[in-house]
Amino acid sequence: MRPTIPSAQEPVTDTDEVIAVALESASIPTLMVALLHITGDASILDGKIRPKAAMLGDVQGQLTPQERASVRQQALTALTEYRDRGCALPPQPDADLIHRMMNFQVGQEVPAEYVPMMMEEMALDGSDARADDWRADESLDSIHVTVIGAGMSGILSAIRLEQAGIPYTVIEKNEGVGGTWYENTYPGCRVDIANHFYCYSFEPNHDWSEFFSQQPELREYFERCVDKYGVREQIRFGTEVKEARFDPACGEWEVQLATTSTTESLRTNVLISSVGQLNRPKIPDIPGLDTFGGPLFHSAQWQHEHDLTGKRVAVVGTGASALQLVPEVAKTAGKLYVLQRTPAWMFPNPAYHRKVSDGTKWLFKHVPYYARWYRFLLFWPGSDGLLPSLIVDPQWPQQERSINQANEQTRLFFTQYIQEQLGDRPDLLPKVVPTYPPFGKRMLQDNGNWLTTLTRDNVELITDSIKEIQPGAIVCHADDTSEQQRLEVDAIVFATGFHSNKFLWPMEIIGRSGQKLNERWGEEPRAYLGITVPDFPNLFCIYGPATNLAHAGSIIFHSECQVRYIMGCIRSLVESKKRSMECKTAVHDAFNQRLDEALAKTVWAHPGVDSWYKNKNGRVTTTSPWRLVDYWNWTRTPDLNDFHME
Ligand code: NAP
């Protein structure tokens, strides 16, 4: 039997006043489709009040205040009647009606090919469709799976293995779960994908305190999942995988483990890497780094013992981590230098630091199906709609600043957003407006906090290049003159990103032929579907090469696709009684040829952009060019013809 999704739906027992107050917080398009579930009356879909095309970050469908008030009034009546009849619901809509409800809520036609994917994501029938309904035989002892990492995707793997009754062990280098959300504790750290979507599809959380929650709350969520799904006992904390070697004689992996004081080896049939792409912090090799003498650390390894209050601090980098931590450090630092090499494009998001009201939480918990439709409303405008605008138009004349008409429009819109904020500091404008096309690097979320911070009296934006580090100082020089600037600082924070192109590094993974994976890959990591690699049987990657999402979705959605595929592979191994499965080279190569062709046309490959999406040769290696709906289809069930089974 397929697992069910906890609805966390509570009956409505509150007074009319409580309901009315909660409705003030409602997303009206979401409320309208939920009303159909409550009343059974589909005429609302044909009424005059109709949400307009959904846009990322907007959950109100551009309805007027009068229209919203009218819907709230209808909802108050419907919810009090629902309460008074003991919360009984009429028969639920059929698939055709649900498709019409989708179209209505997002104010546009949801193409039929998306409907099954979205139905699965919403799980209106309460079933966890991404879990297999297959369970291994109770007495199964012929297979053991080792999962490397207990972050978001490692926990997900463990949950699915547990549900399927497959013996497994999770190896985690940290002393707790959460991966990114365990390690990144810098001030201001928060998720920048809407949280009611950035959570497992089968484990919604109606209690997020913010729409983009902060790190401690995310970590708590994953801690809770580990306990709720009973996988904690299988996690070995404080243990690192150093090496894994495939033994062709018996079709097993021999895995070398190390704690701070011990080493041991483990034999396992299947290896799932859940180590992520943004796991190994990178500090640039700047001359004099070792001579600084004061606190110097990476954003992902925050040294909380150093109080930066009143101190002179330098933050190197202006990527996603810096955009979050700089405003927080600036609040108490004596002087803050922000060292920027390339400015970032920012997406205006007024809700970025917004708290979730009690009314909103009440709606999630009490209004039938409201939370599931709200998830769809977050997902849809952030799914594949943007992708065509990220493809280069070869005829477009101004390739250096934008890649097509839509991209140019976006540039103008984002530039205006920046200009509007810099009223009395136009001097900053040339420094903070990027020259490369929008979306070339990862888009950042902003509610005005970044530029407000850069205009503070105690903050200075430095755009000169770093030349060297000296005791107590960073020395910079302007690129156009050889003039030098010495910044006297007490502490340096490197928000300089991760070794994103070194997948699975520094582990040594040795395949069937004896070749090391990092030698095979070098600068060119590749896998079929980002998951499986010839010569490395029974090794599966989650968030592997070319699976980062830069145009759409949430990485949790992608991980759920990958884990379903991997579970399908494990099931095939068990059912076929084979020892190993290895991706065919021809399949892998053909996929990667298509991948290269697709990526080469995207904004991420733009020659004017340098980012963690690219390797040293300028090829995009980390990021996916595929439509979500295609990747979802490709990963639903493994095609065994793609593998050699032994
Ligand atoms: P990043 O986006 O790679 O940014 C690194 C920054 O450091 C860039 O501004 C880069 O400049 C600069 N830099 C690197 N080497 C430098 C050098 N030698 N001298 C001067 N500047 C240098 O790293 P990140 O901010 O840690 O973010 C990485 C990814 O993690 C994000 O894109 C995102 O996917 C994820 N993340 C997510 C969240 C979230 O969801 N809330 C938060 C943080 C991170 P250039 O641009 O010139 O290379």
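Counting convention: from 1, in listed order, for ligands and their atoms alike.
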Quiz item: Which residue and non-hydrogen atom of the protein lie closest to atom 9 (O) of ligand 1, and at what distance in Å?
Solution: Thr318 N, 2.9 Å
Quiz item: Going by the order shown, which atoms of ligand 1 are within less than 4.0 Å of some heavy atom of Gln324?
Solution: 41 (N), 42 (C)
Quiz item: If you measure from CD on Glu408 to CD on Gln398, what distance do you get to the nearest 0.5 Å?
Solution: 4.5 Å
Practice problem: For Thr342, counting its heavy atoms only, list the atoms of ligand 1 lying under 4.0 Å from any of them. | Solution: 45 (P), 46 (O), 47 (O)
Self-check item: Candidates Lys502, Arg619, Lys616, Lys614 - the one meeting salt bridge (Lys or Arg N to Asp or Glu O under 4.0 Å) with Glu524
Solution: Arg619
Exercise. On the 0 to 90° scale, with breaks at 30° and 60°, tag the His196-Phe364 ring pair as parallel, tilted or perpendicular.
Key: tilted
Quiz item: Of all the atoms in ligand 1, which lie at a distance below 4.0 Å from a heavy atom belonging to Arg190?
Solution: 39 (C), 40 (O), 41 (N)
Quiz item: Any idea which heavy atoms bring Thr360 and Ser25 closest together, and the distance?
Solution: OG1-CB, 3.2 Å
Self-check item: Nearest-contact summary for atom 4 (O) of ligand 1 - protein heavy atom, Å
Solution: Gly319 CA, 3.6 Å
Quiz prompt | Non-hydrogen atom of Lys441 closer than 4.0 Å to ligand 1 | solution = yes
Quiz prompt | Contacting atoms of ligand 1, where contact means under 4.0 angstrom from a heavy atom of Tyr186 | solution = 42 (C), 43 (C)
Quiz item: Which atoms of ligand 1 have any heavy atom of Pro284 under 4.0 Å away?
Solution: 17 (C), 18 (N)
Practice problem: Give the residue and atom name of whichever protein heavy atom lies nearest to atom 36 (N) of ligand 1, and the separation in Å to one decimal. | Solution: Ala320 CB, 3.9 Å
Practice problem: Please round to the nearest 0.5 Å and tell me the distance separating atom CG of Leu451 and atom CD of Gln419. | Solution: 11.5 Å
Quiz item: Looking at Val620, Ile391, Leu599, which one forms a side-chain contact (heavy atoms from CB on, under 4.5 Å) with Pro625?
Solution: Leu599
Quiz item: Between Gln421 (side chain) and Tyr417 (backbone), is there a donor-acceptor pair under 3.5 Å?
Solution: yes
Practice problem: Note the single closest protein heavy atom to atom 31 (C) of ligand 1, along with its residue, its atom name and the distance in Å. | Solution: Arg442 CD, 3.5 Å
Exercise. Give the atoms of ligand 1, by number and element, whose distance to some non-hydrogen atom of Gly317 is under 4.0 Å.
Key: 6 (C), 7 (O), 9 (O), 12 (C)
Quiz item: Can you check ring-ring contact (aromatic ring centres under 6.0 Å, His included) on Phe212 and His353, steps first, answer last?
Solution: CA-CA 7 Å; Phe212 298 83; His353 290 181; 9.0 Å; no
Self-check item: 4.0 Å heavy-atom contact, Phe494 with ligand 1
Solution: no
Quiz item: Using the ring of each side chain (for Trp, its six-membered ring), is Phe439 parallel, tilted or perpendicular to Phe414, with breaks at 30° and 60°?
Solution: tilted
Quiz item: Which heavy atom of the protein is the closest neighbour of atom 3 (O) of ligand 1, given with residue, atom name and distance?
Solution: Trp612 CD1, 3.5 Å
Quiz item: Counting each atom of ligand 1 from 1 as listed, which ones have a heavy atom of Val316 under 4.0 Å away?
Solution: 20 (C), 21 (N)
Self-check item: Between Glu560 and Tyr200, a side-chain donor and acceptor under 3.5 Å
Solution: no
Quiz item: Does a donor on one side chain and an acceptor on the other come within less than 3.5 Å for Gln445 and Asp192?
Solution: no
Quiz item: Which of the atoms in ligand 1, numbered in the order shown and given with their element, are less than 4.0 Å from a heavy-atom of Gly497?
Solution: 3 (O), 5 (C), 23 (O), 26 (O)
Quiz prompt | Nearest non-hydrogen protein atom, atom 15 (N) of ligand 1 | solution = Arg341 NH2, 3.5 Å
Quiz item: Can His306 and Gln303 be counted as having a side-chain donor-acceptor contact under 3.5 angstrom?
Solution: yes
Exercise. Report the part of Ala495 (side chain from C-beta onward, or backbone N, CA, C, O) that has a heavy atom under 4.0 Å from ligand 1; answer both or neither where that applies.
Key: backbone
Exercise. Heavy-atom distances under 4.0 Å are what count here, so tell me which part of Leu278 touches ligand 1: side chain, backbone, both or neither.
Key: side chain
Quiz prompt | Which residue and heavy atom of the protein sit nearest atom 24 (P) of ligand 1, plus the separation | solution = Ser321 OG, 3.4 Å
Exercise. Give the residue and atom name of whichever protein heavy atom lies nearest to atom 40 (O) of ligand 1, and the separation in Å to one decimal.
Key: Asp192 OD1, 2.8 Å
